[in-house]
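Below is one structure; the comments refer to it alone.
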Amino acid sequence: VCISCTSSFRRRRDSAMREQYMFAVEGFMLIYSVSDRRSFDEMEGFFEQILRVKDRDHVPTVLVGNKADLSVVERQVSFEGALCFYFCID
């Protein structure tokens, strides 16, 4: 198993390079921060881009909520909201 990690953190200008990586790999791990709603909202766009680049209806994908140990008060993304999104893309 070969794993390659690349960050898309606020790098809109690197879209062409990101698409090259997307084309070359077989599965994806989408990571967002539960304390940053914007990072979660970006996941849908990334997933749609993956499907477009791969030209498929389904691509193996794992959705990961980072900072899951935060209290409910500190969260901007609920577990239920993330679960709903995941089952919509799966």
Beyond-backbone contact of Ile50 with Leu30, side-chain heavy atoms, under 4.5 angstrom:
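When only atoms from C-beta onward are counted, Leu30 and Ile50 do touch, with a gap below 4.5 Å.
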Any heavy-atom pair between the side chains of Gln76 and Val34 that's under 4.5 Å?
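No, every pair of side-chain atoms sits at 4.5 Å or beyond.
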Check each of Thr61, Leu63, Val77 against Met43 using the side chain to side chain contact (heavy atoms under 4.5 Å, CB included) test, and report the only one that passes.
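In the set Thr61, Leu63, Val77, the residue that makes a side chain to side chain contact (heavy atoms under 4.5 Å, CB included) with Met43 is Leu63.
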Phe46 and side chain to side chain contact (heavy atoms under 4.5 Å, CB included): which single residue from Glu44, Gln49, Glu48 fits?
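Exactly one candidate clears the test, Gln49.
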Give the intermediate values and the outcome of side chain to side chain contact (heavy atoms under 4.5 Å, CB included) for residues Asp57 and Leu51.
CA-CA 6 Å; Asp57 292 331; Leu51 293 178; 6.0 Å; no
Listed partners of Phe40 passing ring pair (Phe, Tyr, Trp, His ring centres under 6.0 Å), at least two apart
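In terms of ring pair (Phe, Tyr, Trp, His ring centres under 6.0 Å), with neighbours along the sequence ignored, Phe40 is linked to Tyr32, Phe85.
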Can you name the residues that form a side chain to side chain contact (heavy atoms under 4.5 Å, CB included) with Val64, not counting sequence neighbours?
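Only Met29, Ile31, Val62 meet the side chain to side chain contact (heavy atoms under 4.5 Å, CB included) criterion with Val64.
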Could you pull out all residues at least two apart from Ser78 that satisfy side-chain hydrogen bond (donor to acceptor under 3.5 Å, both in side chains)?
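Residues passing side-chain hydrogen bond (donor to acceptor under 3.5 Å, both in side chains) with Ser78: none at all.
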Restricting to side-chain hydrogen bond (donor to acceptor under 3.5 Å, both in side chains), what partner residues turn up for Asn66, sequence neighbours left out?
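With neighbours one apart ignored, the set is empty.
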Taking atom types as modelled, find out whether Glu74 and Ser71 have a side-chain donor-acceptor pair closer than 3.5 angstrom.
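There is such a pair between these side chains.
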Donor-acceptor contact present, side-chain Ser35 to main-chain Ser33, <3.5 Å
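No, Ser35 side chain to Ser33 backbone: no donor-acceptor pair under 3.5 Å.
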Tell me, please, which residues at least two apart from Glu80 pass salt bridge (charged side-chain N to carboxylate O under 4.0 Å, His left out).
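Salt bridge (charged side-chain N to carboxylate O under 4.0 Å, His left out) check on Glu80 returns nothing, list empty.
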Show every salt bridge (Lys or Arg N to Asp or Glu O under 4.0 Å) that has at least one partner inside residues 60-72, sequence neighbours left out.
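Every candidate salt bridge (Lys or Arg N to Asp or Glu O under 4.0 Å) pair involving residues 60-72 fails, so no pair, neighbours aside, qualifies.
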